[in-house]
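Structure first, then comments.
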Amino acid sequence: MVNLISGTAPPSTPVRGLKGVVLIVACALVLVPFLAVLSTSLADQQQITSSGGYVLFPHDPSFAAYEAIFRGGVVTRATIVSVLLTVVGSGLSIVVVVSIAYSLSRPGSWGQRPLLFIVLFTLLFSAGIIPNYLLIKELGLIDSYWALILPGLTSAFQIIIVRAFFLDVPAEIIDAARIDGANELQILTRVMLPLSKAVVAVVGLFSAVGYWNAYFNAILYINSPEKWPLQLVLRTYVVDNTQVGGDLPGEVMPPQQSLQMAILVVSLVPICLVYPFLQKHFAKGVVLGAVKG
Amino acid sequence: MQSNRRDFLKLTGGVSLLAATSGTVLAGCGGSDGSGTAAKAAAKATPPEYLPYTSVKPDLPGTADGVMPGFFKYPRQLVDGYKDKPGAGAGDVKILTNMFNPAPPGAGSNTYWKALNDRVGANLDITMTPAADYVSKLSTVIAGGDLPDILMIASKFPNRGEMLTKLCADLTSHLSGSAVKDYSFLANLPTDSWLPTMYKGGIHAIPIARSVIGTIMFSRVDLIKARSLNPEPASYADFVETAKGLTDAKANKWAFGASKGVTTFIGNMLGVPNVWKQDGGKFVSELEVPERKEAVARTAELVKAGVFHPDALGGKLQLRDLFGNGTIALNADGYAAWDLMADTYGVDVGGMPVPGYDGAQKGKPVQREGAAIFALTAFKKAGDDRVRQLLRICDWLAAPLGTSEYMFRRFGLEGIHYTWKGDKPERTSAGKTQVSLPLEYVADAPHVLGPSNEQRARTQRAYQEKIVPNLLANPCAGLYSATSISKADELDKLINAAELDIISGRKPISSWDDAVANWKKRGGDKIRDEYSNQ
């Protein structure tokens, strides 16, 4: 049969079959590790031991690992902390990045060039741990959630993407708004932002993923364990091979590997829930910013 | 605190701190450390007297040469080490330490923490940092001039000597010689563990002590017996026979899962020095003796003989799991892993004593002493009264098994955090989460065998009695070399890579000499000089 639109014959059955196999293999390459993580989190010590570390199909699924990590509320609290940091941080980040990018995109703004240079400078050089720590300390932010939000509020990379997008908006649209009596804030909020949903989604996603995954600032700036974000708690399980209370002779606890995988699942869930709905903006926004820059 | 920060930046070279963005923090810290002078003076200082705590009687008494005391069960008649609150009047006490357990609930919602503060008589404000990131945190906090009252100094912290002498309190007048009698639980810490706390003629920290038993070649006794093999080989030839007998490639059964422990074990048979030895007043590295080279060659032969797991040389295997499920039958691990593996996997674990290479039971075989400390605990500079308060708090935390202080520290409050199930305390749900404050990394009692299972404690005891006479100390254990810390990663990688090349058959054994020459050039000789000048 010939395709009436393209005029080409559809691929033969073996070719389609081969393509199907390739696609299944590709999907399996992505899904099997996730399955292994999920299954191992539900497996018992005997099965994990006999399989050499990872399990694909648990014989007798148990939620003991999840019960252990959620007991006492440390992981629950850390999850709430991370969600709040991510929401507040990325919300503020959008405001700050868009504001800076807009001002740097308007020709003739005061100090535009030196400010742009300063922004670009941070792309190449960072202050380092100690100066940052001293700054946070002098600002009185040690052991404060703001110490986790403010340092990641903006990045030169995001500003460049948004600025490039704004530069591409036709000057006539802005002139028309100005003739209608709009001030700069109104131009930004009523004209530019509605045109820039994709790039705003990119900034939001970059920031959200950044805030969600961050743990090192918490190590440096946060002293109270109840203020730890989830990723830092995750780190204590995965990197330090933490035993959950099982350090006493004779005390049998959920398998270490199950605990690690369970907390991985917990940390993956929020991003997995949000990402499918935003990923189209993610790719589109980056490409737009890049091409039009 | 400004001067403290400047001091620290000066002695760490400042700039190198800025590079501390990953886990390998401060590896490249430069600057002179003056350790030579430090240790010369330290040699004149008097370590605290060792006064074993005798109010609690173990079932198996420890010995002066290193056999650990053993308990068959948890003592129910507890001794009160303190009649009063050790930190009374201390107010807020800020503590910085590392942790391996998950973070417990904060002080506000943790009944254990509240009870701890009540018992200690002070408000313990504990900042705990995952162990993998502890050096980053410590470096930053110190450079920020934010020294807490009590801080754990990781044993691999660069310029440790300078840090302790310039920024931390001098504890000499409180602890030197018989002065330690005022702190009966600190006096219960073995002398070996105090040596790394001494710099420039003073005592600047308290040790978090570890047993010198060190690494054990664990064996699956059940598997060995099932194959009618010898769990305690009498020579290298016997050892090879046991390893071959345990290997069944078709059934995915192997003797070993990693090469490092095997090389060390064979080296011990040959009498290889424990890192360094003194020869005619000169320090000689273990890498420079022919027996060490021979141990590498023997391991390469064993790899060729096929008694190693096929992925053993990759170094990424979950060795304890493989040991537990019987895929490998011999595995070198720290002494504390004995109970952990026996309880986790429910298998028969044994310790394989080091035989003489050619069967000689005396003289040649050695058992390397392990590090006598996990880390040090230092105090911020303060007046005598404040230092005394802090020392009393640490002394209270170092109370051993059998005291009410120990039971509270490990288990919390009876009925709330634990209940007795027969002779064993069993943690409640609250206990499992709340009693995970990392207090054992502030101060700790010496480790003991048990108390879990009488038969196991006796087996461990029997093993220790066999190996303790062969214990070999590292003569540099009480000395300090800045280069050995700052270049540890680089030099370890160099030797490990050379060893792996030989063991895997990529290079001949003759390449070992080049690696050792390279090691000497890139820091080995400097470490030797630093030790020699002390």
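Lettering follows sequence order; numbering is per chain, from 1.
No part of Phe323(B) comes within reach of chain A, as not one of its non-hydrogen atoms sits under 4.5 angstrom from that chain. Residue Val141(B) touches chain A through both its backbone and its side chain, counting heavy-atom pairs closer than 4.5 Å. For a residue to count as touching a neighbouring chain, one of its non-hydrogen atoms must lie under 4.5 Å from one of that chain's; by this rule Ile126(B) touches chain A with the backbone only.
The shortest distance between side-chain heavy atoms of Tyr134(B) and Ile219(A) does not fall below 4.5 Å. Two residues are said to be in side-chain contact when any heavy atoms from C-beta on lie closer than 4.5 Å; Thr140(B) and Lys137(A) fail this criterion. Here the side chains of Ser136(B) and Ile129(A) are not in contact, with every heavy-atom distance at 4.5 Å or above.
Taking OH of Tyr215(A) as the reference point, atom CG of Asp133(B) lies at 5.0 Å (rounded to 0.5 Å). Rounding to the nearest 0.5 Å gives a distance of 11.5 Å between OG1 of Thr129(B) and CD1 of Ile222(A). Here OG1 of Thr127(B) is found 7.0 Å from CG of Asp143(A). Values are rounded to the nearest 0.5 Å. A distance of 9.5 Å separates CD in Glu67(A) from OG in Ser429(B), rounded to the nearest 0.5 Å. The NZ atom of Lys137(B) lies 10.0 Å from the CZ atom of Phe216(A); values are rounded to the nearest 0.5 Å. With rounding to the nearest 0.5 Å, the separation of CG in Asp146(B) from CG in Asn223(A) is 8.0 Å.
Counting non-hydrogen atoms of neighbouring residues, nucleotides and ligands closer than 6.0 angstrom, the NZ atom of Lys73(B) reaches no more than 12 such neighbours.
The shortest heavy-atom contact between Pro130(B) and Leu232(A) is CG-CD1, 3.7 Å. Taking every heavy atom of both residues into account, Arg235(A) and Ala132(B) meet most closely at NH2-CB, 4.0 Å. Pro225(A) approaches Met128(B) most closely through the heavy-atom pair CG-CE, 3.6 Å. Shown here for Ile130(A) and Ser139(B), the closest heavy-atom pair between the two residues is CD1-O, 4.3 Å.
For Lys94(B), the side chain to side chain contact (heavy atoms under 4.5 Å, CB included) partners are Asp125(B), Pro148(B), Asp149(B), not counting sequence neighbours.
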